[in-house]
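Below is one structure, written out as structure tokens; the observations come after it.
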Amino acid sequence: MAYLKLDHVDKIFTRGTATTEVLKDINLTIEKGEYVSIIGHSGCGKSTMLNIVAGLTTATTGGVLLEEREVNSPGPDRAVVFQNHSLLPWLTVYENVRLGVDKVFAKTKTKAERDAWTLHNLNLVQMAHAKDKRPNEISGGMKQRVGIARALAMEPKVLLLDEPFGALDALTRAHLQDSVMALHQKLGNTILMITHDVDEAVLLSDRIVMMTNGPSAHIGEVLEVALPRPRKRLELATNATYVKCRQRVLEFLYERHRFVEAA
Amino acid sequence: MSMPALTNDRAPKAVPTASTSASVVTMTPKQPPKAERYVKMVREVAVRVVPPLIVLALFLLVWELLCRRAGSALPPPSRVFSETRELIFHPFFDHGGIDKGLFWHLEASLRRVAIGYAIAAVVGVGVGTLIGQSVWAMRGLDPIFQVLRTIPPLAWLPLSLAAFRDGQPSAIFVIFITSVWPIIINTAVGIRNIPQDYRNVAAVVQLNPLEFFAKIMIPAAAPYIFTGLRIGIGLSWLAIVAAEMLIGGVGIGFFIWDAWNSSHISEIILALFYVGIIGFVLDRLIAFVGKIVTRGTATN
């Protein structure tokens, strides 16, 4: 039984009389605890797809089912980690996480429990030490950690990552990828991640969904990454399965669906 | 990590020769002696205070020279001082009616401004939020506001006198109507400029409209709101003096008008001095409050 299901999702943007079909007939099922990445060139509608799952955009036709129930408005059961962290700059790190916790657990947890839960989640991403700092006082990588903590703290059924490491430098990115892998291992979240980094996709995912170029982008190919977990970045570099998966994705992106508009 | 690091063999290798014998320098944080720090502080203050003092002194000197000869229309600073000595040193006397010390006049004016401005702040932020949030409210209200805001404050006074049949509420209304426009317009711009990201966050967390207003809108728009509030306080202080000249009673505006009618030019000059200082302080006060409230927001 599918945990999360995108069922014949089409998305057409209309501006005045001009219409653009961004997504066409997207069908995807994700099992509980699975880590699925969506990869594709920019403009292929990856973000639109994630926004539809998040409920921030509605599908023109088709729909999203989470545990057999249709979802069409945003909610904490599909928490998003945004690309640019989107922390509220007037709140401290703690308050940013607490905002979601207070809403989600307003009835089920006492004040003290919500406080403990907030700190617990900051601890998970190793950010408890900076809990009283404001977002502009911490580095980009740290902000993204807090963004992850905020999403995790809502105990989402599906964690949506919208190019979470895109704005980070390579070293910080690698570090954060390892953290996310460890969290996934520990908590067993269902994760849907958007990326345009081939290595990232292969390293983190159970399955990689490759999107064709827009307009009318659709799922071109789905690749199973049959690598055992926990995965070690260094050991994988020479692993035959890893190299093969990487090759497959590269071929898809750069041979069969080359980005024609790229300069 | 998407690209293997290229090792450039032709690049000159770092030669580790001198590094082995480099002596370790212990870094002790420099703590200048107290006296030195005080000197530094005094210097910093002096840099800010001395130039305006020099200009002020020069200005007074020129004024004195221009106005000291017999028959000049305006009194020189020395005569202003000697004639207003009583008012300067006894600001709290109260002989009944409008024969009061300057403190009471200023207090009356400030009270009117405080009431009118407070109403303007609440209404301005409220209406501004509405316009910023709703396209239809903006389309309907914005053109009307753009016309209304150009009406000079005093032009409202006769109308408000007709409506309220009393000086006090009329003056407060004039303050309100003067200062509300910049607050509305700036708030609306601030609300409209709230990044989509923050709205997305609020949507995912499922804040209700009231929480969204208090937790996202107001803090996110705070820098804009305070710009409006700061312009508003300046305008209301501008308007109160003129309004009070017309409505009479206790207040710095009428004090000036009264002094003119009794040809006490020195008193006018003293009152202008106070008006200027208080306007300055009000402006800085709002700026200060804004700085505290928006710390964090403004830098993003």
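Quick note on labels: first sequence line is chain A, next is B, and so on, each numbered from 1.
Interface summary for chain B: among Val104(A), Leu171(A), Asn84(A), the most heavy-atom pairs under 4.5 angstrom belong to Asn84(A). Options Val204(B), Asn200(B), Val205(B) differ in how many heavy-atom pairs under 4.5 Å they form with chain A, and the most are formed by Val204(B). Of the listed residues (Met154(A), Arg78(A), Lys103(A), Gln83(A)), the greatest number of heavy-atom pairs within a distance under 4.5 Å of chain B belongs to Lys103(A). Chosen from Ala79(A), Pro76(A), Ser73(A), the residue pairing most often with chain B at heavy-atom distances under 4.5 Å is Pro76(A).
When every heavy atom of Val201(B) is checked against every heavy atom of Ser86(A), the shortest pair comes out as CG2-O, 3.4 Å. Listed here is the closest heavy atom pair of Leu87(A) and Tyr198(B): O-CE2, 3.9 Å.
Around atom CG of Leu210(B), no more than 12 heavy atoms belonging to other residues, nucleotides or ligands sit under 6.0 Å away. In this structure, His175(A) places its NE2 atom where only 12 or fewer heavy-atom neighbours from other residues, nucleotides or ligands lie under 6.0 Å away.
With Trp90(A) contributing its side chain and Lys215(B) its backbone, the two residues share a donor-acceptor pair below 3.5 Å.
Neither the backbone nor the side chain of Val198(A) comes within contact range of chain B, judged by heavy atoms closer than 4.5 Å. Contact of Leu99(A) with chain B is made through backbone and side chain together, with heavy-atom distances under 4.5 Å.
The distance from the CG atom of Leu91(A) to the CD1 atom of Ile216(B) is 7.5 Å, given to the nearest 0.5 Å.
Applying the salt bridge (Lys or Arg N to Asp or Glu O under 4.0 Å) test to pairs two or more places apart or on separate chains, those with a residue in residues 149-167 of chain A are Glu67(A)-Lys157(A).
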